[in-house]
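Everything below concerns the one structure shown next.
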Amino acid sequence: EVRVPDVRSSSVDANHDGVSETLKLSLDVPTGNVSKGYRSVLLLAAYSLELRDKAREVIGALVVVDASCPYSATGIWIKGQLRLRQ
């Protein structure tokens, strides 16, 4: 059964230079009548980045997360990083 999550995102400009360095993505999946959890999660997320200093470029990409386990789980936490240096 496919469940549609509530998606929230925010960007963080830690050094206050007007350019976001971090993007936070949060997904809350409704459980409906599933009380024992999930055994697999498939996430497809598309994003776009824009370089502006030494090179001007717009980059679009797709992130794929496919996680599964032999037993039911009630949560999943994934942390990843993408670094671009100009």
Side-chain angles (χ1 to χ4, degrees):
E1 182 177 344
V2 175
R3 304 261 180 195
V4 179
D6 176 29
V7 180
R8 283 178 245 133
S9 66
S10 62
S11 57
V12 177
D13 180 10
N15 60 4
H16 307 291
D17 64 353
V19 178
S20 299
E21 290 83 29
T22 304
L23 174 66
K24 293 184 179 184
L25 183 64
S26 172
L27 298 121
D28 290 324
V29 179
T31 56
N33 58 4
V34 179
S35 61
K36 296 182 181 179
Y38 297 96
R39 293 187 59 202
S40 65
V41 172
L42 175 62
L43 168 68
L44 304 173
Y47 65 93
S48 178
L49 300 170
E50 181 180 353
L51 303 178
R52 293 185 268 180
D53 281 350
K54 296 178 182 175
R56 289 199 166 284
E57 188 68 38
V58 176
I59 302 167
L62 177 67
V63 174
V64 177
V65 175
D66 188 1
S68 61
C69 58
Y71 306 106
S72 294
T74 58
I76 181 171
W77 292 265
I78 298 171
K79 183 176 183 179
Q81 289 185 338
L82 170 68
R83 292 185 180 180
L84 294 175
R85 294 190 181 185
Q86 295 192 61

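All residue numbers refer to positions in the sequence shown, counting from 1. Below, all heavy atoms of this structure are taken into account, side chains as well, without hydrogens, waters or symmetry copies.
To the nearest 0.5 angstrom, Ser26 atom OG is 7.5 Å from Asp6 atom CG. The CZ atom of Arg56 sits 7.0 Å away from the CD atom of Glu50 when rounded to the nearest 0.5 Å.
A 4.5 Å side-chain heavy-atom check between Val64 and Leu43 finds every atom pair outside the cut-off.
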Inset, instruction - Using the side chain to side chain contact (heavy atoms under 4.5 Å, CB included) rule, take Val58 and Ser48 through it: C-alpha gap first, then chi angles, then the decisive distance, then the call. - result: CA-CA 7 Å; Val58 176; Ser48 178; 3.6 Å; yes
Inset, instruction - Report the C-alpha distance between Leu25 and Val7 in whole Å, list the side-chain angles of each, state the deciding distance to 0.1 Å, and finish with yes or no for side chain to side chain contact (heavy atoms under 4.5 Å, CB included). - result: CA-CA 7 Å; Leu25 183 64; Val7 180; 3.7 Å; yes
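Closest of all the heavy-atom pairs between Ala46 and Leu62 is N-CD1, 4.1 Å. Considering every non-hydrogen atom in both Asp13 and Gly18, the closest pair reads OD2-N, 2.8 Å.
With Arg39 contributing its side chain and Pro70 its backbone, the two residues share a donor-acceptor pair below 3.5 Å.
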